[in-house]
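Notes for the one structure printed next.
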There are 2 protein chains.
Amino acid sequence: MARAAKKKANEAPEKTTRIQEINRRLILDAALDVFSTYGFRGTTIDQIAEKAGMSKPNLLYYFPRKQNIYVTLLEETLAEWLAPLAEIDPEGDPIEQLRKYITLKINMSESHPEASRLFANEVLHGAPAISDFLSKHLKPLVDDKAAVIRRWVGEGKLAPVDPYHLIFMIWATTQHYADFDVQVRAIMGSQVGRPGFREQTAQAVLSIILNGIRPRPV
Amino acid sequence: MARAAKKKANEAPEKTTRIQEINRRLILDAALDVFSTYGFRGTTIDQIAEKAGMSKPNLLYYFPRKQNIYVTLLEETLAEWLAPLAEIDPEGDPIEQLRKYITLKINMSESHPEASRLFANEVLHGAPAISDFLSKHLKPLVDDKAAVIRRWVGEGKLAPVDPYHLIFMIWATTQHYADFDVQVRAIMGSQVGRPGFREQTAQAVLSIILNGIRPRPV
DNA sequence: CAAAAACTTGACTACTTGGTCAAAATGCAG
DNA sequence: CTGCATTTTGACCAAGTAGTCAAGTTTTTG
């Protein structure tokens, strides 16, 4: 008994206390760091507990299973990660909308690289924990936006291009800078940390993709 | 004693027997499968041994440490994985050379997705086993080809574009189809397996990137 | 301010897993 | 075919790790 977020018997509202809120946050923040660096199997509960500044049994009081932390984290992250896609406005100017989307994704890649790596690692390993999410939430959203892009192409506002592959290309390219950070650093060296690097990256990526899909004279 | 590939005392030539050759191959093939699916930490020696059809101690007779298998595999794979980049001909036609390179990479992504995932996983986790390789071999090669691309840009044969970001974009995009395969499948469904899919992918990627870097009228 | 509920933890268990070892089986050179 | 080298494996060990438990401490509440 006394399982966190589980009432005495079956009273409904599942209230959370102040302490629960603080500690769950501490745990999830620590876990994001560790999971994104070492992957699910490579992470130990002790590592997370240590980083969160509490004992292992205490951590397990809030999340009875290692899996629980991991799944909670993924769910929390995914919504946020997908949000920019939903914001593409079907009524806006195609090139401007995609410019905005790509810019947002590059910014997120720099500001939350752990989230990107957590997700990348999960998908790379076959998405065992989120394959449902992918088919039930991601697919419909992408289908929706793909239809918009396809319409834009039909209206001659974009060069003929497969919308799905375009979306994949944007994801791949923007997340590359988070997921393959060490490789980027190994090759570009000290430039990576420097102030203007994100802008330089954005400029390069935008230039290629947007020119690649701008409507072309026949 | 009787350590494989270690002679009685110190006689030089390190000969390998027929059986050694067969079994090392069996182990490495099995290991590629397992490591690329579960990552280093997520893989157990027993899994590899089972898949290779031999007992764990026997496997350890050929590779005394788990790390040995992993590193051998990475080394074997990396050279092959990088080869297409080296083939870019500085004297060839820029668009044609890059078309060839991108096509090769997409084909590799489909024919050897495990290699791509093995590598992706390693880099994603900070490249602990190959950071030396990245700075000593990959960087010089990329620097070299970046210089070529920069020259092409200078000669007006390509639109102004940062060569490093262009290379990253090609890597990201092509390897995406191997590394994020489950996601691609979740979204594009049965299309992925179908015969023409690779060609369709190649066409889309080539169209965007090549049009994105084709020299533009001022 | 007491009693109840919520929270915290040291000590422990059960299990997984990388790696060892000694002895048996097999291959091979002379 | 004989004796030495190579290969193979069952049984085992030690370390690491997910998760339990019972007993304490702190916070909340009536």
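Note on naming: letters A, B, ... go to the chains in the order of the sequence lines (proteins, then strands), and numbering restarts at 1 for each one. Both backbone and side-chain heavy atoms feed into the values below; hydrogens, waters and symmetry mates do not. Note that the structure is a prediction, hence the values are computed from the model and not measured.
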How long is the line joining [atom1] of [X] and [atom2] of [N], in whole Å?
| X | N | atom1 | atom2 | result |
| --- | --- | --- | --- | --- |
| B:Asp46 | C:dC15 | CG | C1' | 13 Å |
| B:Arg24 | D:dT6 | CZ | P | 15 Å |
| A:Leu60 | C:dC12 | CG | P | 18 Å |
| A:Ile22 | D:dT27 | CD1 | C1' | 12 Å |
| B:Phe63 | C:dG19 | CZ | P | 13 Å |
| B:Leu26 | D:dT7 | CG | C1' | 14 Å |
| A:Met54 | D:dT26 | CE | P | 17 Å |
| A:Lys56 | D:dG16 | NZ | P | 13 Å |

Lys/Arg-Asp/Glu bridge criterion (N-O < 4.0 Å) met for B:Arg25, B:Glu76: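 B:Glu76 and B:Arg25: salt-bridged.
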
Does the pair A:Asp46/A:Lys56 count as a salt bridge with the N-to-O cut at 4.0 Å? yes

Please give me the minimum heavy-atom distance between B:Ala178 and B:Arg117, naming the atom from each residue. O-NH1, 2.7 Å

Taking all non-hydrogen atoms of both residues into account, name the closest pair between B:Val148 and B:Pro90 and its distance.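 So the minimum-distance heavy-atom pair works out to CG1-CA, 3.8 Å.
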
With a 4.0 Å cutoff (strictly under), does any side-chain N or O of [X] reach OP1 or OP2 of [N]?
| X | N | answer |
| --- | --- | --- |
| A:Asn23 | C:dA6 | no |
| A:Thr17 | C:dC7 | yes |
| B:Tyr62 | D:dT8 | yes |
| B:Tyr61 | D:dT7 | yes |
| A:Gln20 | C:dA6 | no |
| B:Arg65 | C:dG19 | yes |
| B:Asn58 | D:dG10 | no |

Which nucleotides of nucleotides 22-30 of chain C have their base under 4.0 Å from a protein heavy atom (B), which only their sugar-phosphate (S), and which neither (-), written as one string 5' to 3'? ------S--

How many angstroms lie between atom [atom1] of [X] and atom [atom2] of [Y], to the nearest 0.5 angstrom?
| X | Y | atom1 | atom2 | result |
| --- | --- | --- | --- | --- |
| B:Ser116 | B:Gln175 | OG | CD | 4.0 Å |
| A:Ser111 | A:Leu104 | OG | CG | 9.5 Å |
| A:Ile19 | A:Leu26 | CD1 | CG | 11.5 Å |

Are the ring centres of A:His165 and B:Phe197 closer than 6.0 Å?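 A:His165 vs B:Phe197: aromatic centres under 6.0 Å.
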
Within residues 38-45 of chain B, residues whose heavy atoms come under 4.0 Å of DNA chain C: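 Contacts with DNA chain C under 4.0 Å: B:Thr43, B:Thr44, B:Ile45.
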
Would you call the rings of B:Phe35 and B:Phe40 parallel, tilted or perpendicular if under 30° counts as parallel and over 60° as perpendicular?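 Because their plane-to-plane angle is under 30°, the rings of B:Phe35 and B:Phe40 count as parallel.
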
Quick check: any donor-acceptor pair below 3.5 Å linking the side-chain of B:Lys66 to the base of C:dG19? no

Do we get A:Arg24 above A:Phe63's six-membered ring, with its NZ or CZ under 6.0 Å from the centre and within 45° of the axis? yes

